[in-house]
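Since the structure comes first, as structure tokens, the remarks are kept for the end.
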Amino acid sequence: MNHAETLLPALRVAGLSKRFTLHNQGGVELPVLEGVTLDAFRGECLALDGPSGAGKSTLLKLIYANYRASAGSIRVRRTSAAAEVDVTTADPRTLLALRRDTIGYVSQFLRTVPRVGALDVVAEPLLGTADADTSALRDAHRKAQELLLRLRIPQRLWHVPPATFSGGEQQRINIARSFIRSWPVLLLDEPTASLDADNCSTVVSLIDEARARGAAVIGIFHDARVRERVATRVIDMERFQPRPGSR
Amino acid sequence: MSEDTQPILRVEGIVKHYGSRVAVDGVSFELWAGEVLAIVGESGSGKTTLLNAVAARARPDGGRVSFLTRHEGVVDVHAMSEAQRRLLARTDWGYVHQDAVQGLRMNVSAGANVGERLMALGERHYGRIRNEAASWLERVEMDVTRIDDTPATFSGGMRQRLQIARNLVTRPRLVFMDEPTSGLDVSVQAKLLDLLRSLTRGLSLAAIVVTHDLAVARLLAHRMVVMKDGRVVETGLTDQVLDDPQHPYTQLLVSSVLQP
Ligand SMILES: Nc1ncnc2c1ncn2[C@@H]1O[C@H](COP(=O)(O)OP(=O)(O)O)[C@@H](O)[C@H]1O
Ligand SMILES: Nc1ncnc2c1ncn2[C@@H]1O[C@H](COP(=O)(O)OP(=O)(O)O)[C@@H](O)[C@H]1O
Ligand SMILES: [Mg+2]
Ligand SMILES: [Mg+2]
């Protein structure tokens, strides 16, 4: 990480709003976020704080381009390129590239691909789409094994597809998968929600390591102790609640 | 997906009528190398008609389809000679029919079905053709000992696997698929989907998959096009369209299935 990179935000959100229009329920408008403005610098961990329904997950999904913004911008600096990309207007190819090389995301629930074993699920972000050469494959598998060990996934499960795993096991697979790369921007949606104390502290260490590598981390942590332990800044989501009557 | 400078396929303003009925009404999209695009919409929305116009199996009443060839740059597929088009369809393209019977020769052996495209490309060496056919049967997870049996003796799932092998043997860069898993038992469907997913990802295949099944799109496609009455009503990354659908019709489609 050079000096200039630490001074420029990895992520800049400005004037971001989200409302859902439910066309099949009489076109009712559901405003969720309004005027979200925040910067995230490399090495930071921002914790999104607010009650259930405050739009915390929605904000992470907007940054990951899973949801589409109603207004505002989300500017992300790509690893290789110096220029920023605005996630809210980028074309699909650019978004897919951003997800490959810049933004990592631990969703609340793992969407499993049937018949792909846990080790391969975890290694996948390192391998890209095309046939990987054998040394890249060995490398990715070695890293995946390290993470599975650290997250206490028993070795007998490594080649089993995670579809049949318990909620906590699936979550750890999800976490391993998202920490296998050094994403410059890392989004974590309740990564410790169903973990025991030991695995919780492993995740805390992984977050610290990611920050030390220069990642900007934005997370939702339901557990106040975890939040206090990992967050360098707390973002109060109440500030971004739509006012009644606004649209 | 590589960092190319232009799309492998460009579809502009395709229109197709059947008599006075407009089946496809001005559809445009692009496809990049290695990208899988799903075309979804309910029955009768014009998906198959569009696919056939794009794959040059039927001539559209309007619009243009441009394909980036390996050696000759961009070609207008509807302006090519019939012979050129046939060559393209057998080499750089593949077409997987919904009904495998339409995509296979039912009275010749599985091995010959796979070998046919190699022979069309000038391969004459029987041993090599047979080896290549056997290796493709293996890749699509078929029992290689069935190589001399005809598809007439195969189950629906096996026929579909054979059709896929027959198409991929020439290493096409673009594959068209029309409802590749529909009509099969659910468990057979799931296995075939896994196979298609690993083949498209592993070979960096570009593909257009027509499906009415949103779960198929979720598993296979990077991007989606939603059609209604011959028009595109919504496009986007697959997860965007499924998780945050914008158009009333897409919202209806998504809400009518459990968890796409
Ligand atoms: N895809 C969606 N369609 C409609 N409403 C949604 C969608 N996603 C989230 N919401 C709504 O947005 C609000 C905020 O949800 P969420 O971001 O999950 O909150 P939090 O993570 O803070 O608990 C909720 O009212 C939720 O119902
Ligand atoms: N050969 C044909 N002759 C006349 N009408 C057709 C023919 N093929 C399709 N159609 C009509 O065109 C429309 C689109 O059909 P199709 O492309 O098969 O839709 P999909 O594949 O989405 O189910 C439908 O109204 C269908 O009845
Ligand atoms: Mg949430
Ligand atoms: Mg059809």
Side-chain angles (χ1 to χ4, degrees), chain A residues 18-28 30 32 57-58 60-70 78 80-81 87-101 103 105 107-109 111-117 120-121 124-125 127-133 137 161 163, chain B residues 1-7 29-37 141 187 189-195 197-206 215 218-225 233-256 259-260:
Chain A
K18 178 62 181 173
R19 64 174 171 276
F20 295 96
T21 307
L22 311 180
H23 290 287
N24 300 304
Q25 282 154 56
V28 67
L30 194 69
V32 174
S57 296
T58 296
L60 295 188
K61 288 173 182 175
L62 286 163
I63 296 170
Y64 198 59
N66 176 220
Y67 284 178
R68 298 190 236 212
S70 306
R78 267 187 86 174
S80 41
V87 166
T88 66
T89 54
D91 61 47
R93 245 163 65 83
T94 306
L95 293 175
L96 291 171
L98 271 182
R99 289 178 180 185
R100 269 196 312 275
D101 63 26
I103 310 179
Y105 172 50
S107 58
Q108 232 169 324
F109 306 100
R111 221 175 238 292
T112 54
V113 175
R115 283 217 303 178
V116 178
D120 286 315
V121 170
E124 196 203 292
L127 296 173
T129 47
D131 282 322
D133 61 70
L137 197 69
Chain B
M1 248 171 292
S2 49
E3 305 284 325
D4 313 295
T5 55
Q6 55 179 325
F29 60 83
E30 288 175 352
L31 188 73
W32 293 74
E35 199 176 35
V36 179
L37 176 76
E141 296 159 20
S187 65
Q189 239 179 52
K191 285 191 181 141
L192 192 65
L193 269 178
D194 289 344
L195 175 73
R197 183 185 159 91
S198 69
L199 286 173
T200 51
R201 297 293 195 270
L203 301 168
S204 281
L205 269 185
R218 170 82 80 179
L219 203 60
L220 291 184
H222 299 103
R223 281 198 298 126
M224 267 174 73
V225 164
V233 297
E234 183 160 355
T235 67
L237 295 178
T238 301
D239 60 275
Q240 283 178 335
V241 174
L242 295 178
D243 297 339
D244 186 15
Q246 307 288 308
H247 191 276
Y249 178 71
T250 318
Q251 291 189 355
L252 194 64
L253 274 186
V254 170
S255 66
S256 58
Q259 202 213 18

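Numbered from 1 within each chain, the chains take letters A, B, ... in sequence-line order. Computed from a predicted structure; not experimentally measured.
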Task: Taking every non-hydrogen atom, the tightest pair across B/Leu252 and A/Asn24 - done: N-ND2, 3.2 Å
Task: From A/Arg93 atom CZ to B/Glu30 atom CD, the distance as rounded to the nearest 0.5 Å - done: 9.0 Å
Task: Which of B/Arg223, B/Arg197, B/His247 touches chain A most, by non-hydrogen pairs under 4.5 Å - done: B/Arg197
Task: salt bridge (charged side-chain N to carboxylate O under 4.0 Å, His left out) involving B/Asp244 - partner list, sequence neighbours excluded - done: A/Lys18
Task: Approximate separation, where rounding is to 0.5 Å, of B/Trp32 CH2 and A/Asp91 CG - done: 8.0 Å
Open item on the list: With a 4.5 Å cut-off on side-chain heavy atoms, are B/Asp239 and A/Arg99 touching?
Closed with: yes
TODO: Give, as side chain, backbone, both or neither, the part of B/Thr238 having an atom under 4.5 angstrom from any heavy atom of chain A.
DONE: neither
TODO: Decide yes or no for B/Val241 and A/Arg68: does some side-chain heavy atom of the first lie under 4.5 Å from some side-chain heavy atom of the second?
DONE: yes
TODO: Applying side-chain contact (heavy atoms from CB on, under 4.5 Å), run through A/Lys61 and B/Asp243 and close with a yes or a no.
DONE: CA-CA 10 Å; A/Lys61 288 173 182 175; B/Asp243 297 339; over 6 Å; no
Task: Contact origin within A/Tyr64 toward chain B - heavy atom pairs under 4.5 Å - done: neither
Open item on the list: Donor-acceptor check, side chain of B/Gln251 to backbone of A/Thr21, threshold 3.5 angstrom: yes or no?
Closed with: yes
